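Just so you know, these numbers use all the heavy atoms, side chains as well, and skip hydrogens, waters and symmetry mates. Since we're looking at a predicted model, the values are computed, not measured.
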Amino acid sequence: MTRGRADVNPKKRLITWIIVLVFCCGCFYAYTRSRGSSALEYGSKSLRKFGSSYWRGEEDTTDTSTKHEEDADDGFIPKSFPVCDDRHSEIIPCLDRNLIYQTRLKLDLSVMEHYERHCPLPEKRYNCLIPPPPGYKVPIKWPKSRDQIWKANIPHTHLATEKSDQNWMVVKGDKVVFPGGGTHFHYGADKYLASMANMLNFPKNSMNNEGNVRTVFDAGCGVASFGGYLLAYDILTMSLAPNDVHENQIQFALERGIPAYLGVLGTKRLPYPSRSFELAHCSRCRIDWLQRNGILLLELDRILRPGGYFAYSSPEAYAQDEEDLRIFRAMSAFVERMCWKIAVKRDQTVIWVKPLTNDCYMQREPGTQPPMCRSDDDPDLVWGVPMEACITPYSNQVHRSRGSALAPWPARLTTPPPRLADLGYSDDMFIKDTELWQRRVEHYWTVFGQNLESDTFRNVMDMKANLGSFAAALTNKEVWVMNVVPEDGPNTLKIVYDRGLLGSVHNWCESYSTYPRTYDLIHAWTVFSDIERRGCSIVDLLLEMDRILRPKGYIIYNDKRSIAEVIKKYLGALHWESVAISDSQLVEQDEDDVVFIIQKKMWLTSESLKDSE
């Protein structure tokens, strides 16, 4: 009886196993490709992909294979960084859906957790430079940019097709044009705003209400035409939308030179302090305001000032079918228990107004829902803090003053706000800080010399804004400033908003919630010293600054000389160049500090060059 064939050719068996192995590897590769790749993985791939290609600045042709030079003090300093894969030209590391898929995070999609921040671990962060898209050009200057941008800079035209009946945007040749329409205002934001001002009986049908409306919050903003047209009224709007199916809407807004931020009304508080905005706006923003015991309406209530408005333009406000009527009645009953009242309702819009004092809250029956927030709840603590389904009462100062007691704009910018006392700051400290930063900005512009023109900057970021005095010193220029207040420092962002400026809280050990190539100017005052103190990576911060800085954009570094010397060693690898350097003693700082002006070069990958030629 035979046991089987013992004379099988070993060579044939080896070939069979090789075929099986190749097949398995192919299946695994296909699977990983379908699940997406992390930025770090793309970085390593692009190192091979672009190893023999080149980048180009104005006079810049460089071999991009990774090289290092040894430094006796600091170890290895890269001569070049690899270029991320082209598919990462728009990466937002902490809002990267591929990261969510890869890490298999268990998120509740019904409450928008997948649109909230989820940052990669330090060892999984990208280590590469974000390439501009093929054919990228220096953005069109403000104010023309409000109405048109280069199509190549954001090569996504699906919104032009999808929203063609609403006049969001139109493709015309090599440009994308913005007629000013929106989901609810097809015939233009300007007419919509004039109608709203008329509804509220504002003088001269002007939305700024003689300077008493200065900061506005627009939820589900689309391409931010609402906020873009409010600029003509001296009103700054924080236009907010998630990185959702309309994923490039905020990118379009920022490319236009309109203030905007990637975020969502989900489970965490918005990164803004309490009582920040005079008006909140929702124009068919597709938000379920009644979900989870009205928690999203209560978050709006938190960020609205006393006497602030919520303008709601949506079918629920005017449609007569049974479901829309049911929603509007339920919503009206809920906000009435929040002590909001209808200021006006006309046509397709209803506008509610928030009370000026705590009187209505104190007169509610015991057990009325929603409840008041706990007395130990800090409404200005926002970084990573879950929303609360409760009403935030006013401070005793606001209650006595019957409002925020803020001066109208533009006096608001330089008038000490009442909330200074919350931080233990005096009016004199505020005034001196304003004057100091006026001198510092004048010094900055002197250091820039002949490099600046009146339209060099539009989108500006102050990475450590403190009281917002850097931005205050720029109000005579055609710029807007994103004032960032670090989450581990004094909670001064409420002062920034009380001055009539915009900003957000952030942790600079992580990536910021914005697209690549957002800002023309980044101001970094003592930020690197803070990062070093916290034990975070200076290189990671440099790569993040490069990501959000536009080609040919500038950085103002104002910090320790020793750190500036380290940064100088990375200039070539980042494709940055030194513009000027000056002692900070001239601007009343420590003698060890320097002002260092850096410019990011324009560079393109070889593939981008082929496409643009």
Side-chain angles (χ1 to χ4, degrees), residues 163 166-168 178 180-202 205-209 212-242 246 249-250 253 256 258-265 270 272 275-289 296-305 307-318 328 331-332 335 338 340-354 480 497 500 502:
K163 302 292 184 179
Q166 299 168 12
N167 282 324
W168 277 32
F178 300 89
T183 305
H184 194 78
F185 41 92
H186 305 176
Y187 300 106
D190 51 349
K191 297 179 179 64
Y192 179 63
L193 290 169
S195 172
M196 190 178 297
N198 180 264
M199 288 173 66
L200 290 165
N201 292 318
F202 286 169
N205 287 341
S206 174
M207 278 298 296
N208 69 14
N209 191 25
N212 290 299
V213 174
R214 167 62 180 173
T215 51
V216 169
F217 174 74
D218 188 15
C221 63
V223 294
S225 289
F226 180 81
Y229 278 77
L230 277 172
L231 289 165
Y233 295 95
D234 257 350
I235 293 174
L236 289 177
T237 304
M238 182 61 77
S239 297
L240 181 101
H246 301 147
Q249 54 192 333
I250 291 295
R256 298 172 70 186
I258 299 171
Y261 185 83
L262 272 166
V264 68
L265 282 157
L270 296 169
Y272 320 121
R275 310 199 306 272
S276 293
F277 302 99
E278 277 90 25
L279 170 72
H281 174 251
C282 160
S283 169
R284 296 198 187 186
C285 55
R286 301 172 67 186
I287 293 173
D288 178 6
W289 293 107
L296 304 186
L297 280 168
L298 290 160
E299 177 64 1
L300 276 193
D301 184 81
R302 184 185 69 83
I303 64 175
L304 274 176
R305 297 196 196 278
Y309 299 100
F310 176 41
Y312 185 56
S313 298
S314 182
E316 291 84 11
Y318 62 86
F328 185 72
M331 196 168 169
S332 298
V335 298
M338 290 168 55
W340 291 9
K341 294 182 178 179
I342 291 181
V344 61
K345 185 176 184 291
R346 185 189 301 171
D347 299 327
Q348 302 180 2
T349 300
V350 59
I351 302 177
W352 285 285
V353 61
K354 188 178 172 181
W480 68 272
Y497 274 93
L502 298 180

Taking all non-hydrogen atoms of both residues into account, name the closest pair between [X] and [Y] and its distance.
{"X": "Gly500", "Y": "Leu236", "result": "O-CD1, 3.6 Å"}
{"X": "Met207", "Y": "Ala197", "result": "SD-N, 3.6 Å"}
{"X": "Leu304", "Y": "Ala280", "result": "CD2-N, 3.7 Å"}
{"X": "Ala189", "Y": "Ser225", "result": "CB-O, 3.8 Å"}

Drop me the distance from [X]'s [atom1] to [Y]'s [atom2], to the nearest 0.5 angstrom.
{"X": "Leu231", "Y": "Ile258", "atom1": "CG", "atom2": "CD1", "result": "6.5 Å"}
{"X": "Ser332", "Y": "Trp352", "atom1": "OG", "atom2": "CH2", "result": "5.0 Å"}
{"X": "Leu298", "Y": "Trp289", "atom1": "CG", "atom2": "CH2", "result": "11.0 Å"}
{"X": "Leu279", "Y": "Asn212", "atom1": "CG", "atom2": "CG", "result": "13.0 Å"}
{"X": "Tyr312", "Y": "His281", "atom1": "OH", "atom2": "NE2", "result": "11.5 Å"}
{"X": "Asp301", "Y": "Met338", "atom1": "CG", "atom2": "CE", "result": "4.0 Å"}

For [Y], does its backbone N or O pair with a side-chain atom of [X] as donor and acceptor, under 3.5 Å?
{"X": "Arg214", "Y": "Asn208", "value": "no"}
{"X": "Arg302", "Y": "Tyr272", "value": "yes"}
{"X": "Arg256", "Y": "Val223", "value": "yes"}
{"X": "Lys345", "Y": "Ala317", "value": "yes"}

Is the closest side-chain heavy-atom distance between [X] and [Y] below 4.5 Å?
{"X": "Gln249", "Y": "Ser239", "value": "no"}
{"X": "Tyr261", "Y": "Leu270", "value": "no"}
{"X": "Phe202", "Y": "Tyr233", "value": "no"}
{"X": "Ile351", "Y": "Leu200", "value": "yes"}
{"X": "Tyr309", "Y": "Met196", "value": "no"}
{"X": "Phe310", "Y": "Val335", "value": "no"}
{"X": "Val350", "Y": "Tyr318", "value": "no"}

> Can you list the steps and then say if Ile250 with Cys221 is a side-chain contact (heavy atoms from CB on, under 4.5 Å)?
Replying inline: CA-CA 8 Å; Ile250 291 295; Cys221 63; 3.6 Å; yes
> With sequence neighbours left out, what residues match Thr215 under side-chain contact (heavy atoms from CB on, under 4.5 Å)?
Replying inline: Phe277, Glu278, Arg305, Tyr497, Leu502
>> For Ala219, give me all partners under side-chain contact (heavy atoms from CB on, under 4.5 Å), at least two apart in sequence or on another chain.
In response: Phe217, Leu265, Ile287
>> Working note: Met331 + Leu297, criterion side-chain contact (heavy atoms from CB on, under 4.5 Å); need CA distance, chi angles, decisive distance, verdict.
In response: CA-CA 9 Å; Met331 196 168 169; Leu297 280 168; 4.1 Å; yes
>> Can a side-chain donor-acceptor contact be found between Ser283 and Tyr192 if the only test is distance below 3.5 angstrom?
In response: no
>> Just by distance, no angles: are the side chains of Ser195 and Arg346 close enough, under 3.5 Å, to form a donor-acceptor pair?
In response: no
> Can you name the disulfide (SG to SG under 2.5 Å) partners of Cys282, sequence neighbours left out?
Replying inline: Cys285
